[in-house]
Amino acid sequence: MTESVRLNRGSSDVAVIGGGLVGLCIALGIQKQGQQVTVYDEGDVALRASRGNFGLVWVQGKGDNLPEYARITRLSAQLWAGLADDLTQHTGIDIQLQQRGGLFVCLSESELQKRQVILEQMAIEHPEGYPYEVLDLQQLREMIPDIGPEVAGATWGPEDGHVNPLYLMRALVARFESLGGKLVNAGRVSNIIPQQGQFVLQTEQGDFSCNKVVLAAGLGNKELGPMVGIDAPVFPNRGQVLIAERVRPFLHYPTGHVRQTEEGTVQCGDSKEDVGFDTGTTTEVLAQIAQRATTMFPLLKEVNLIRSWGALRIMTPDGNPIYQQSKQYPGAYLVTCHSGVTLAAAHAGPIADWISTGSADSAIDLEKFHGSRFQL
Amino acid sequence: MAADFSFNRLPCNERAEVEITIEGHKVIALEGETVAAAVMHSGLRPTRTTAVSGTGRAPYCMMGVCFECLMNIDGKPNTQACMTEVSEGMVITVQQGAREIGGDRL
Ligand SMILES: Cc1cc2nc3c(=O)[nH]c(=O)nc-3n(C[C@H](O)[C@H](O)[C@H](O)COP(=O)(O)OP(=O)(O)OC[C@H]3O[C@@H](n4cnc5c(N)ncnc54)[C@H](O)[C@@H]3O)c2cc1C
Ligand code: FES
């Protein structure tokens with residue numbers, strides 16, 4: 001096969017590098033606009049936050065250091081029901097979205113006060129309104145009778161919810177492919193070469209060309225970004241997760257540390273560890289997670305644990321997303337965030353539209369998410 | 001509950017008899033047997049129903065890895081029957097769907 005034939009076969013309007021939640025959502029959104037999208041993914045060797053996360057569609061407290069981030073988070077939460085309906089209707093996969101509100105349970109008065117201060121400040125920064133409530137133990141018990149006696153209280157966010165992240169991945173792939181989108185496991189993209197307004201992607205399985213390229217490679221973006229003139233200083237942050245057996249429903253709302261899935265499984269987690277690219281688990285951290293979970297819900301002392309894992313978040317220095325088109329090579333975009341579940345609907349909607357049309361929704365100020373903010 | 005004669009005890013060293021109760025029926029098992037073996041021999045099927053769809057299951061791997069054998073043993077829900085030895089007076093019931101937690105309140 002000659003090189004030019006290969007390039008032809010492997011060309012598309014838009015190439016998305018990275019088949020995690022972020023890449024798939026953007027690919028789906030652009031494919032829906034009628035452009036031919038190909039997703040290039042590493043395959044099963046990948047470090048993939050999308051397979052190890054907690055499944056929260058979480059609003060409260062997000063963006064406390066950047067109002068635009070809070071805004072896009074809330075926008076995504078509002079668009080989520082539409083995304084879930086679309087996926088379920090076209091794929092038959094129930095991704096178990098529930099948005100009845102969520103609780104951040106605090107074990108001490110000082111923890112509760114700190115949360116309250118953050119949310120009060122956010123309400124000031126958002127004249128359009130920023131809904132939340134602070135609940136004492138009594139009020140909390142009315143919502144969750146099984147809450148533990150040592151809990152101080154909780155903050156309540158009416159826009160919070162959760163979803164099954166693995167069904168979500170499956171549904172996104174199915175919907176994307178049913179619209180004619182292509183998913184290619186060609187190994188790592190090792191190089192991106194800008195060439196006369198186009199881009200050539202070099203992979204283990206040869207070269208592929210495209211008119212636009214979207215870097216949605218999670219932790220891989222750090223290496224890929226500079227190839228198209230974008231700085232993406234992302235780094236890993238590990239979270240460990242503990243899974244208990246299925247039990248009868250006792251927890252009607254997700255919390256920041258414990259949630260119960262529709263099938264009854266109890267998921268506990270939310271450690272934040274700086275351990276490089278290590279996806280392992282440690283007894284010490286799992287014990288802390290279990291300790292917090294059983295203090296929140298003493299009835300969990302009885303349950304059997306069945307699984308645990310570690311996964312790496314994709315963090316930026318200020319914790320906020322990067323959305324950026326390359327100045328040097330227009331047509332190259334980079335997208336990364338540490339809450340890809342929550343932002344899924346924004347990515348499949350307004351962010352995908354921004355990339356496919358070249359102009360951003362006036363409701364979101366994308367300038368604020370530029371990666372250049374990290375340059376000294 | 002008719003005994004299942006596709007499961008026969010092999011002749012072996014003399015072992016003491018142990019009386020257990022499976023779904024309200026008194027059954028004689030042999031010391032050292034697992035609950036799963038005794039339950040299979042007793043003919044009880046299914047031995048649990050699943051938490052999601054409620055379909056029936058029975059012991060499968062008999063060596064602790066598949067978790068198909070979960071039963072309520074002496075009041076303890078979701079216990080692996082293949083990893084539990086019978087003992088005198090043991091009470092065994094089918095695990096119906098997801099287990100209860102939280103005692104009386106639920
Ligand atoms: C423990 C934990 C809990 C979390 N909980 C939540 C939560 O409750 N709510 C929430 O909103 N978010 C949560 N997150 C974050 C969320 O999971 C991530 O934001 C999201 O999955 C990121 O998706 P992604 O597609 O950017 O990255 P990934 O899922 O990491 O995918 C990146 C993909 O890029 C591919 N790739 C990388 N480099 C290359 C290359 N050079 N060539 C080709 N392909 C490449 C990889 O193969 C991989 O598939 C959690 C994360 C963790 C770790
Ligand atoms: S039969 Fe497989 S674990 Fe008991």
Side-chain angles (χ1 to χ4, degrees), chain A residues 55 88 92-96 98 105 137-138 140-151 163-167 170 242-253 255 258-268 290 293-308, chain B residues 20 22-23 34-39 44-87 90-106:
Chain A
T88 303
I93 299 168
D94 175 9
I95 60 171
Q96 304 178 345
Q98 285 179 356
V105 175
L137 180 56
Q138 190 51 40
L140 185 53
R141 190 167 283 136
E142 277 159 30
M143 297 179 80
I144 309 177
D146 290 303
I147 197 78
E150 289 169 40
V151 166
V163 68
N164 181 317
L166 297 181
Y167 283 140
R170 220 174 94 193
L242 202 52
I243 304 291
E245 63 189 339
R246 290 177 179 143
V247 297
R248 290 277 148 83
F250 73 97
L251 187 54
H252 195 59
Y253 306 100
T255 75
V258 179
R259 72 180 190 105
Q260 187 174 28
T261 70
E262 212 161 285
E263 294 98 358
T265 302
V266 183
Q267 186 170 9
C268 313
T294 52
T295 307
M296 285 167 66
F297 307 106
L299 48 64
L300 289 179
K301 283 180 186 155
E302 292 170 34
V303 304
N304 296 310
L305 298 171
I306 56 171
R307 255 197 309 286
S308 64
Chain B
I20 58 176
I22 301 176
E23 282 286 299
T34 65
V35 173
V39 160
L44 178 73
R45 305 285 186 284
T47 58
R48 74 168 180 118
T49 58
T50 62
V52 177
S53 63
T55 50
R57 293 286 192 275
Y60 180 62
C61 74
M62 301 297 277
M63 59 182 199
V65 296
C66 72
F67 286 75
E68 292 297 9
C69 63
L70 299 178
M71 298 191 77
N72 188 309
I73 301 178
D74 279 343
K76 198 162 172 278
N78 272 3
T79 307
Q80 280 172 291
C82 76
M83 300 304 284
T84 310
E85 274 187 26
V86 293
S87 64
M90 196 175 243
V91 178
I92 299 145
T93 56
V94 171
Q95 173 69 45
Q96 303 282 2
R99 62 169 285 185
E100 300 283 354
I101 47 167
D104 309 336
R105 227 200 45 72
L106 284 168

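Model, not experiment: these values are computed from the prediction. Sequence lines set the chain letters: A, B, ... in the order given, protein chains first and strands last, and positions in each chain run from 1.
- Remark: L137(A) pairs with R141(A), I147(A), V151(A) by the side chain to side chain contact (heavy atoms under 4.5 Å, CB included) rule, at least two apart or across chains.
- Taking a 6.0 Å sphere around CE of M143(A), one finds it holds more than 12 heavy atoms contributed by other residues, nucleotides or ligands.
- Taking a 6.0 Å sphere around OH of Y167(A), one finds it holds 12 or fewer heavy atoms contributed by other residues, nucleotides or ligands.
- By a heavy-atom distance cut of under 4.5 Å, A51(B), V52(B) are the residues of residues 48-60 of chain B near chain A, going up by number.
- Evaluation of the side chain to side chain contact (heavy atoms under 4.5 Å, CB included) rule for I243(A) yields V241(A), T265(A), Q267(A), I306(A), R307(A), W309(A) as partners, not counting sequence neighbours.
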Candidate pair E245(A) and R99(B), rule side-chain contact (heavy atoms from CB on, under 4.5 Å), full reasoning
CA-CA 9 Å; E245(A) 63 189 339; R99(B) 62 169 285 185; 2.7 Å; yes
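- Within a 6.0 Å sphere centred on CD of E150(A), heavy atoms belonging to other residues, nucleotides or ligands number 12 at most.
- Residue V247(A) comes nearest to A98(B) through the heavy atom pair C-CB, 3.7 Å, listed as atom of the first residue, atom of the second, then distance.
- Using a 4.5 Å heavy-atom cut-off against chain A, the contacting residues of residues 76-83 of chain B are N78(B).
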